[in-house]
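Letters A, B, ... are given to chains in the order of the sequence lines, protein chains preceding strands, and every chain is numbered from 1.
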2 protein chains.
Amino acid sequence: MSEHPSNEEWLFDYQLLSKLVIGIGEVSDITGLPTRKIRYWEDKGIIQSKKDCEGGTRKYSYLDIKKIILIQELLADGYTLDAAAKKVENRIKNINQTMLGLSKYLDQQD
Amino acid sequence: MSEHPSNEEWLFDYQLLSKLVIGIGEVSDITGLPTRKIRYWEDKGIIQSKKDCEGGTRKYSYLDIKKIILIQELLADGYTLDAAAKKVENRIKNINQTMLGLSKYLDQQD
DNA sequence: ACTTTTATTGTAGATAAGTTACAATATAGG
DNA sequence: CCTATATTGTAACTTATCTACAATAAAAGT
């Protein structure tokens with residue numbers, strides 16, 4: 001009973017969460033964007049994937065997908081790609097702050 | 001400011017989180033297990049992956065990985081595979097309860 | 001000692017998924 | 001009609017993963 005971390009801690013494993021990187025096909029399935037478009041946005045610098053090497057496969061994290069979904073919404077609202085990208089950056093910074101704060105909070109629990 | 005969900009809500013997007021399924025190669029990188037061993041555990045029924053079709057590629061969720069890591073620890077402790085699997089099942093049920101409860105709690109916030 | 005069970009690994013030959021790099025198309029403003 | 005912005009198509013190639021065979025290793029029974 002005391003040998004394990006609490007259920008909450010076990011559930012919100014940030015270290016693990018940040019390692020969860022998925023392929024471009026899954027991103028396409030989740031977001032509804034064709035892979036071609038995802039690569040195009042990346043070529044334009046709107047989003048960034050992780051690649052271990054040239055010619056290797058692109059990997060996307062949870063926050064990358066969040067970002068893509070947010071950009072989609074802004075585009076539907078009438079923003080240009082560049083404008084949407086700029087707007088999203090601010091929100092991402094905000095999220096990172098929250099994530100950091102929450103992480104610290106959880107660390108001092110138990 | 002009020003057009004967005006709160007940072008917490010944005011961060012803990014369970015619906016999205018549950019869609020984040022990664023390939024066997026990533027699972028191998030994260031857990032340190034060779035892919036061959038992961039498939040073997042699956043053949044034995046210790047773990048289960050999602051496959052859209054026969055011959056399709058295996059996909060693993062966040063909780064699947066958690067499970068694998070937990071089994072690893074139990075094996076290191078001296079458990080047999082079957083015993084470890086059984087022990088882990090209980091913990092998983094517990095986690096699912098927590099996840100459900102937390103999900104409901106977050107729904108009634110804001 | 002040897003036979004079984006348990007756990008793991010090797011690999012060939014296949015398919016699935018993803019890459020780059022070319023170009024083509026569409027559409028809205030100026 | 002021209003230009004910038006956004007998107008799409010595809011061929012040829014590489015990387016990732018699949019199945020299905022079998023082999024090995026170590027511990028547990030008898």
Side-chain angles (χ1 to χ4, degrees), chain A residues 19-65 67-89, chain B residues 19-65 67-89:
Chain A
K19 285 190 212 154
L20 275 197
V21 287
I22 71 179
I24 197 169
E26 271 305 320
V27 176
S28 174
D29 286 347
I30 292 173
T31 62
L33 299 180
T35 60
R36 189 64 185 78
K37 191 182 244 179
I38 297 169
R39 292 198 194 94
Y40 165 67
W41 285 10
E42 187 161 336
D43 288 343
K44 279 210 60 177
I46 305 296
I47 51 177
Q48 294 84 33
S49 68
K50 289 95 193 154
K51 279 204 275 189
D52 15 348
C53 58
E54 257 291 311
T57 63
R58 293 170 172 81
K59 298 290 178 185
Y60 300 87
S61 70
Y62 175 79
L63 279 184
D64 290 332
I65 298 161
K67 187 171 172 179
I68 289 173
I69 291 173
L70 196 45
I71 290 175
Q72 261 185 308
E73 287 170 11
L74 293 175
L75 286 187
D77 249 33
Y79 284 83
T80 65
L81 252 187
D82 290 330
K86 199 170 282 181
K87 198 171 166 68
V88 160
E89 280 313 313
Chain B
K19 285 190 212 153
L20 272 198
V21 287
I22 73 178
I24 197 170
E26 272 305 320
V27 176
S28 173
D29 286 348
I30 292 173
T31 62
L33 299 180
T35 61
R36 188 66 185 78
K37 191 183 242 178
I38 297 169
R39 291 195 195 96
Y40 166 69
W41 286 10
E42 187 161 337
D43 288 344
K44 279 210 61 177
I46 305 296
I47 50 176
Q48 295 82 34
S49 69
K50 290 94 192 155
K51 279 205 275 190
D52 15 349
C53 58
E54 255 292 309
T57 61
R58 294 170 173 82
K59 298 290 177 184
Y60 301 88
S61 69
Y62 174 80
L63 279 184
D64 291 331
I65 298 161
K67 186 171 172 178
I68 290 173
I69 291 172
L70 195 45
I71 290 176
Q72 261 185 309
E73 286 170 12
L74 293 175
L75 286 187
D77 248 34
Y79 285 81
T80 66
L81 251 187
D82 290 330
K86 200 170 280 183
K87 197 170 168 69
V88 160
E89 281 313 313

Next item on the list: Report which part of the nucleic acid Thr35(B) touches: base, sugar-phosphate, or nothing (heavy-atom distance under 4.0 Å, all strands).
Entry: nothing
Notebook entry, point to check: Does OP1 or OP2 of dT20(C) have a side-chain N or O of Lys51(A) closer than 4.0 Å?
Noted result: yes
Next item on the list: Specify the separation, in whole Å, of atom CD1 of Ile38(B) and atom C1' of dA7(C).
Entry: 15 Å
Check: Which residue lies toward the 5' end of DNA chain D, Lys44(A) or Lys59(A), if each is placed at its nearest nucleotide?
Finding: Lys44(A)
Check: Choosing from dT8(D), dT9(C), dA16(C), which nucleotide comes nearest the side chain of Tyr40(B)?
Finding: dT9(C)
Notebook entry, point to check: Where the side chain of Thr57(B) is defined as all heavy atoms beyond and including C-beta, which of dA17(C), dT15(D), dT8(D) is the nearest nucleotide?
Noted result: dA17(C)
Margin query: How many whole angstroms separate atom CD of Glu54(B) from atom C1' of dT15(C)?
Written below: 13 Å
Notebook entry, point to check: When you check the phosphate oxygens OP1 and OP2 of dC18(D), does a side-chain N or O of Arg58(B) lie under 4.0 Å from one of them?
Noted result: yes
Check: Is there a donor-acceptor contact under 3.5 Å linking the side chains of Ser49(A) and Glu42(A)?
Finding: yes
Item checked: Interatomic distance where CD1 belongs to Ile47(B) and C1' belongs to dT8(C) [whole Å] -> 14 Å
Margin query: Surrounding NZ of Lys86(A) (heavy atoms of other residues, nucleotides or ligands, distance under 6.0 Å), is the total greater than 12?
Written below: no
Next item on the list: To the nearest Å, give me how far apart CD (Glu42(B)) and P (dT17(D)) are.
Entry: 13 Å
Notebook entry, point to check: Do the non-hydrogen side-chain atoms of Tyr40(B) and Ile46(B) ever get within less than 4.5 Å of each other?
Noted result: no
Next item on the list: Would you kindly compare Trp41(B) and Gly23(A) by the position of their nearest DNA chain C nucleotide and give the one closer to the 5′ end?
Entry: Trp41(B)
Margin query: Can you tell me which nucleotide in dT7(D), dT19(C), dA6(D) comes closest to the side chain of Thr80(A)?
Written below: dA6(D)
Next item on the list: Compare all side-chain heavy atoms of Glu73(B) with those of Leu70(B) and state whether any distance is below 4.5 angstrom.
Entry: yes
Note to self: I need the CD1-P distance between Ile22(A) and dA17(C), as an integer number of Å.
What the structure shows: 14 Å
Checklist line | Spacing between Lys50(B) atom NZ and dT17(D) atom C1', to the nearest angstrom | finding: 18 Å
Notebook entry, point to check: Taking atom P of dA28(C) as reference, at what distance in whole Å does atom CG of Leu81(A) sit?
Noted result: 15 Å
Next item on the list: Map Arg36(B) and Asp82(B) onto DNA chain C by nearest heavy atom, then report which one ends up closer to the 5' terminus.
Entry: Asp82(B)
Note to self: Nearest to the side chain of Lys37(A), heavy atoms from C-beta on, is which of dT8(D), dT20(C), dA16(C)?
What the structure shows: dT8(D)
Check: Within this structure, what is the CG-to-P distance between Asp43(A) and dT5(D), rounded to whole angstrom?
Finding: 16 Å
Check: Does some side-chain heavy atom of Arg58(A) sit less than 4.5 Å from a side-chain heavy atom of Gln48(A)?
Finding: no
